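Just so we're clear, the structure is a prediction, and the values are computed from it rather than from any experiment.
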Protein chains: 2
Amino acid sequence: MTIAQVAERTGLTAHTLRYYERTGLLLEPPPRGGNGHRRYTDRDADWIRLLSRLRGTGMSIAGLRRYADLARRGEDTYAARKELLLAHRAEVVAKIEQLQDDLAHVDYKIEIYDKLMGER
Amino acid sequence: MTIAQVAERTGLTAHTLRYYERTGLLLEPPPRGGNGHRRYTDRDADWIRLLSRLRGTGMSIAGLRRYADLARRGEDTYAARKELLLAHRAEVVAKIEQLQDDLAHVDYKIEIYDKLMGER
DNA sequence: GCTTGACTTAGACCGCGCTCGAACTCGCAG
DNA sequence: CTGCGAGTTCGAGCGCGGTCTAAGTCAAGC
C-alpha cells in the first residue's frame, strides 16, 4: 500500500503521514520498496486510522505519542494502554456534555431572535 | 464591574478579555472609570459569556467577529444573526455526532484490551 | 512618603499541528 | 532520450488563539 492510498483511507494527507512518522506516532517506520517508497500494510493503516480517530476526539500529538510508546513496548502495557484510553474516553464524554450544554444556550439565543422577529 | 470580575465570571483571563476587545469582538469598548480602568456592565459580561460559549463549541475568532459585526449593526440583522447561529448549531451537532462515532471506536478498542487481558 | 496590588499599554512571543516548498530520484510510456 | 507522475528529504513557514513582558499609572493602607 502506498502513502497516497493510506492518505485516502485515513483522511490524512501524505504530508501529515510523514509528519506523524517523524514525530514517533507509528509503531515502526514502514519498510521501503526498491524505489525507496514507503510500503504500508493493512495493520499500519488500521493503526493510523485509530490515531486519526483519537486526534479527532481531541487527543494531543503528545498523547498519541505516549500511546504509541506504550504500544511499542508490547503486551506488558495492555493495562496501561487501556487506562490511557479510559482516561481519554472520560475527557471526550465530558467534552460532549459541555458541547451539549453550550448548544442549549445557543438554542436559547436562537429562540430569542425568533421572538424578537415575531416568529416570522 | 472590573476586568478581573468579568474574567472570573466568564472563565477567560484578563489578558484574553483585552485581546477580544482589541480584535473587535465586543459590541463596544467598555467605558473607563476615573482611574482609566475598564468598567463592564452585566450586559457586557453576558455578551462575553455568549462569546465564550460559542468559542467553546468551536466557532472561530473570525466567526465571532462576524457575529459581533452584525450585532453592532442593530435589529436589522436579527435574521442574519439567527442564520449564523443556526449554521453554527448544525456544525456543532455534526461535531457531536462525529465525537460519538469516534468514541464508539475507542470503546471497541478498550474492549479489545479487556479481552486480551482476560477480563481481569 | 512608601509599598502593595490592581489595573493600563504596545508589542513580542509561544505552542500546536500541520503545511508547504525546493530540490531530488525513480520507473514508466511515448 | 524525454517527459511525467509519484514518491523522497530537509527544513522553513504558517494560522490560530492566545499568553506574556516591560514599563507605567493610580488608589489605598501603613
Residue-level proximity of residues 91-98 of chain A to DNA chain C when a heavy atom falls under 4.0 Å: none

Given DNA chain C, 5'-ward residue of the pair A:His37 and B:His37, judged by closest heavy atom: B:His37

Pick the nucleotide of DNA chain C nearest each of A:Ala62 and B:Tyr40; which residue has the one closer to the 5' end? B:Tyr40

Name the nucleic acid region contacted by A:Ala14, choosing base, sugar-phosphate or nothing; use a 4.0 angstrom heavy-atom cut-off, strictly under. nothing

Could you tell me which non-hydrogen atom of [X] sits nearest to which non-hydrogen atom of [Y], and how far apart they are?
{"X": "B:Leu27", "Y": "B:Ala71", "answer": "CD2-CB, 3.6 Å"}
{"X": "A:Pro30", "Y": "A:Tyr40", "answer": "CG-CE2, 3.6 Å"}
{"X": "A:Leu51", "Y": "A:Tyr20", "answer": "CD1-CD2, 4.4 Å"}

For atom CD of A:Gln100, is the number of surrounding heavy atoms from other residues, nucleotides or ligands below 6.0 Å larger than 12?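 Count over threshold, so yes.
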
Would you say CZ of B:Arg65 has more than 12 non-hydrogen atoms from neighbouring residues, nucleotides or ligands within 6.0 angstrom?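 Enclosed: over 12 neighbouring heavy atoms sit under 6.0 Å from CZ of B:Arg65.
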
Closest nucleotide among [options] to the [X] side chain:
{"X": "A:His15", "options": "D:dG18, C:dC20, C:dG17", "answer": "C:dC20"}
{"X": "B:Arg22", "options": "D:dT9, D:dG17, C:dG11", "answer": "C:dG11"}
{"X": "A:Arg55", "options": "D:dT8, C:dC18, D:dG7", "answer": "C:dC18"}

Can you tell me if [X] touches the phosphate of [N], counting only side-chain N or O atoms and a distance under 4.0 Å to OP1 or OP2?
{"X": "A:Ser60", "N": "C:dC16", "result": "no"}
{"X": "A:Thr2", "N": "D:dA6", "result": "no"}
{"X": "A:Arg38", "N": "D:dT9", "result": "yes"}
{"X": "A:Arg18", "N": "D:dG11", "result": "no"}
{"X": "A:Tyr20", "N": "C:dC18", "result": "yes"}

State whether a side-chain donor-acceptor pair under 3.5 Å links A:Thr2 with A:His37.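 Short answer, no.
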
